[in-house]
Amino acid sequence: MSEPVLSIRNLSIDYVGQAGDFRAVRNVSFDIGPGEFFGLAGESGCGKSTIAFAISRLHRPPALIRTGSRILVGGRDVLSLDPAALRALRWREVAMVFQSAMNSLNPVLTIETQFYDVLSTHAGLSRAASRERAAEMLELVGIPADRLSAYPHQLSGGMRQRVVIAICLSLSPKLIIMDEPTTALDVVVQREILERIHRLRQKLGFSVLFITHDLALMVQVSDRIGIMLEGELVEVNEARAIYTDPRHAYTKKLWASIPRLSGGRTLGDAAR
Ligand code: ADP
Ligand code: MG
């Protein structure tokens, strides 16, 4: 098997407090392969975002990664990178889209300038080269290139979120982490964005770590899914098996708490 894009081993993360340490992530291990769409599910507070931030070392005190934890991206040990290597890792190897990412666009800058900020800083592109790359990326996410001169408020929420995804993909990262990327959007737009990412992933070959509490949605887009419960990864399996043959009692309970998938929609198009 080819080398995983992401390899996490025995990851434990504490929030350090005066009243004692709270273990938010407990001994978690999993891999994501090249081009794989990996979903991480579990109810609010189970530690999903804490893992997401740790992968590109964006976690902040009081979060503390415990010794013995290992995070490898493309075979490189993220936890021992110096600041320059860490800067090179972010965006170029691992890019992250947050739930409120669409609100992280700068309201006073055009979309074109926001691409330029990233592409000049992290890839040294000229203004002209950046504009060309930005136009190409916008088209990929289904936004006409003439929107480059728009300001964020002139775009819908779904479009703004697609702009952020396009910026994240513009440096061709090997892994894109999406932490509840569509939760703030309506269901139709959510589905449209995820289907687009699914297709882009096939075309561009990046891997995805997709985080949500919406297991029904996740099963339809992921190759494999990990289920988290109170900081622990309790089950990892093919997306289809998570649905048809849940092993862990908690996974069964998660399904029982979700209304039946509405009629007509099958899993066939996603759980390949
Ligand atoms: P999820 O993304 O699955 O909802 P989080 O990773 O955000 O979960 O949080 C995991 C646990 O860590 C929760 O119990 C949360 O309260 C706790 N936590 C998150 N951030 C902090 C923080 N800055 N300080 C203390 N505890 C935190
Ligand atoms: Mg979260």
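For reference, positions follow the sequence shown, starting with 1. Remember, it's 1-based here, ligands and their atoms both numbered in the order they're listed. Computed from a predicted structure; not experimentally measured.
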Measure the [atom1]-[atom2] distance between [X] and [Y] for me, rounded to the nearest 0.5 Å.
{"X": "M137", "Y": "L204", "atom1": "CE", "atom2": "CG", "answer": "6.5 Å"}
{"X": "S156", "Y": "I143", "atom1": "OG", "atom2": "CD1", "answer": "7.5 Å"}
{"X": "M218", "Y": "I242", "atom1": "CE", "atom2": "CD1", "answer": "10.0 Å"}

>> I'd like to check which ligand 1 atoms, numbered from 1 as shown, lie under 4.0 Å from a non-hydrogen atom of S44.
In response: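 Close to S44: 4 (O).
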> Hey, which atoms in ligand 1 end up nearer than 4.0 Å to a heavy atom of T50?
Replying inline: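 In order of numbering, the contacting atoms are 5 (P), 6 (O), 9 (O), 10 (C).
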> Under a heavy-atom criterion of less than 4.0 Å, does G42 contact ligand 1?
Replying inline: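 No; G42 lies far enough from ligand 1 that no heavy-atom distance drops under 4.0 Å.
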>> Show me the pairs that pass side-chain hydrogen bond (donor to acceptor under 3.5 Å, both in side chains) and involve residues 5-19, at least two apart or across chains.
In response: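 Applying side-chain hydrogen bond (donor to acceptor under 3.5 Å, both in side chains) to every pair that reaches into residues 5-19, excluding sequence neighbours, yields S7-D31, R9-D31, D14-R23, D14-R66, Y15-T50.
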> Linking I/L/V/M/F/W/Y whenever any side-chain heavy atoms sit under 4.5 Å apart, do V16 and L79 land together?
Replying inline: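 The answer is no; the residues belong to distinct hydrophobic clusters.
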>> Same cluster or not: L58 versus V25, using hydrophobic residues (I, L, V, M, F, W, Y) connected whenever any side-chain heavy atoms lie under 4.5 Å apart?
In response: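 In one cluster with L58: V25, yes.
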> Hey, does G45 come in under 3.5 Å of ligand 1, counting only N/O atoms on both sides?
Replying inline: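 Yes; the residue has a nitrogen or oxygen that sits under 3.5 Å from a nitrogen or oxygen of the ligand.
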> Polar-atom distance check: G47 versus ligand 1, any N or O pair below 3.5 Å?
Replying inline: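 There is such a contact, yes.
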> Are there protein heavy-atom neighbours of atom 23 (N) of ligand 1 below 4.0 Å?
Replying inline: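 Answer yes: something from the protein, a heavy atom, is under 4.0 Å.
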>> I'd like to know if atom 15 (C) of ligand 1 has any protein heavy atom within a distance of less than 4.0 Å.
In response: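 No; the ligand atom in question lacks any protein heavy-atom contact below 4.0 Å.
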> Do the charged groups of R127 and E112 touch, with an N to O distance under 4.0 Å?
Replying inline: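 Salt bridge present between R127 and E112.
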> What do we get for A24 next to ligand 1 when only non-hydrogen atoms under 4.0 Å count, side chain, backbone, both or neither?
Replying inline: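 The side chain, only.
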> Using a heavy-atom cut-off of under 4.0 Å, does the side chain or the backbone of P62 touch ligand 1, or both, or neither?
Replying inline: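 Answer for P62: side chain.
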Is the backbone N or O of [Y] less than 3.5 Å from a side-chain atom of [X], with the two atoms forming a donor-acceptor pair by type?
{"X": "T110", "Y": "T113", "value": "yes"}
{"X": "T251", "Y": "R247", "value": "no"}
{"X": "R201", "Y": "S207", "value": "no"}
{"X": "R147", "Y": "L155", "value": "no"}
{"X": "R133", "Y": "S170", "value": "yes"}

>> Give me the nearest non-hydrogen protein atom to atom 12 (O) of ligand 1 as residue plus atom name, then the distance to 0.1 Å.
In response: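 Heavy-atom neighbour on the protein nearest atom 12 (O) of ligand 1: Y15 CE1, 3.2 Å.
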>> Checking a contact table here: which protein heavy atom is nearest atom 7 (O) of ligand 1, and how many Å away?
In response: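 Its nearest protein heavy-atom neighbour is S49 CB, 3.8 Å.
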>> At a cut-off of 2.8 Å, what protein N/O/S atoms sit near the Mg ion (ligand 2)?
In response: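 Under 2.8 Å from the Mg ion (ligand 2) - ignoring waters, which are not counted - the protein N, O or S atoms are S49 OG.
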> To which of R23, K48, E180 does the heavy atom nearest atom 3 (O) of ligand 1 belong?
Replying inline: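 Selected option, by shortest heavy-atom distance: K48.
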